[in-house]
Amino acid sequence: MLSGTASPKTGGTELKRIVFDEETIARRVRELGQEITTRYSDGELLVLGLLKGSFIFLSDLVRRIDRPLQVDFLVAASYGAETVSSGNVRLLYDPETELAGKHILLVEDIVDTGRTLNRLVSLLKERGPRSLEICALLHKHIAEHLALEPAFIGFDAPKAFLVGYGLDHAQNFRHLPYIASLT
Ligand code: 5GP
């Protein structure tokens, strides 16, 4: 167990090991910011964070992008059934910002099965953006079919369940400054 992480509120769930520490994350986020700055040399850029998991990553990332941009968020909920066709995603919060004609950079915490992204990609494409790319902090590389491979990836992730730096387990651990695996 890592010190200071177990509490009655976390239901006894404990962290196993730090997978990416604070310094490693900060270094990679700086690099991603540079990559994104270079990629978008012209046009309007809208950085769209998928809540809640991306909130810390997005706030660090946008401060490392050295060009004008706008920030908005979306909150997505699937209809629940595994059998719904891709594109069937319900937005609990729909970005107020106009998407048409802009470069949209969708920021996601972690790509696992890819279902969330596949649904969002088709929905966002319908809004007529100038371009659509994904920036994922973590990628497990287990998705069988991704409608759009992330153009920007923070880290290849182990197949463990990860928490911290925005990622939760039952809403706990989001505040940790590092990324850890659970026991
Ligand atoms: P997908 O649709 O790609 O299967 O799942 C993506 C979502 O599942 C992520 O945005 C995240 O909310 C959740 N998720 C997938 N793997 C993990 C993990 O290792 N840790 C946490 N905390 N959430 C995960």
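Indexing begins at 1, ligand by ligand and atom by atom, following the structure's order.
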Which ligand 1 atoms, with their elements, are less than 4.0 angstrom from a heavy-atom of [X]?
X: Thr116; value: 1 (P), 2 (O), 5 (O), 6 (C)
X: Asp109; value: 9 (C), 10 (O), 11 (C), 12 (O)
X: Asp168; value: 21 (C), 22 (N)
X: Ala160; value: 19 (O)
X: Leu167; value: 20 (N), 21 (C), 22 (N)
X: Glu108; value: 10 (O)

>> On a heavy-atom basis, I'd like to know which of Leu137, Ile110, Ile142 is closest to atom 24 (C) of ligand 1.
In response: Ile110
>> Distance alone, cut at 3.5 Å: any donor-acceptor contact between the side chains of Asp60 and Tyr165?
In response: yes
> Atom CD1 of Ile104 and atom OG1 of Thr97: how far apart are they, to the nearest 0.5 Å?
Replying inline: 8.5 Å
> If you round to the nearest 0.5 Å, how far is CD1 of Ile65 from SG of Cys135?
Replying inline: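 With rounding to 0.5 Å, SG (Cys135) is 7.5 Å from CD1 (Ile65).
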>> When you compare the side chain of Glu133 with that of His103, does any pair of heavy atoms fall below 4.5 Å?
In response: no
>> Is there a path of hydrophobic side-chain contacts, each under 4.5 Å between heavy atoms, that joins Tyr40 and Leu124?
In response: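 Shared cluster, no.
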> For atom 8 (O) of ligand 1, is some protein heavy-atom partner under 4.0 Å away?
Replying inline: no
> What residue and atom, counting heavy atoms only, is the protein's closest point to atom 4 (O) of ligand 1, and at what distance?
Replying inline: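 Checking every protein heavy atom, the shortest distance to atom 4 (O) of ligand 1 gives Thr113 OG1, 2.4 Å.
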>> Consider side-chain contact (heavy atoms from CB on, under 4.5 Å). Of Arg130, Glu44, Arg127, which one does Lys102 pass it with?
In response: Glu44
> Under the criterion side-chain contact (heavy atoms from CB on, under 4.5 Å), which of Asp112, Ile134, Leu148 is the partner of Leu117?
Replying inline: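 Considering Asp112, Ile134, Leu148, a side-chain contact (heavy atoms from CB on, under 4.5 Å) with Leu117 is found only for Ile134.
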> Mind checking whether Gly53 has a heavy atom under 4.0 Å from ligand 1?
Replying inline: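 No heavy atom of Gly53 comes that close to ligand 1.
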> Backbone, side chain, both or neither: what part of Lys140 comes under 4.0 angstrom of ligand 1, heavy atoms only?
Replying inline: side chain
> Do any nitrogen or oxygen atoms of Leu162 come within less than 3.5 Å of a nitrogen or oxygen of ligand 1?
Replying inline: yes
> Would you call the rings of Phe161 and His169 parallel, tilted or perpendicular, where under 30° means parallel and over 60° means perpendicular?
Replying inline: perpendicular
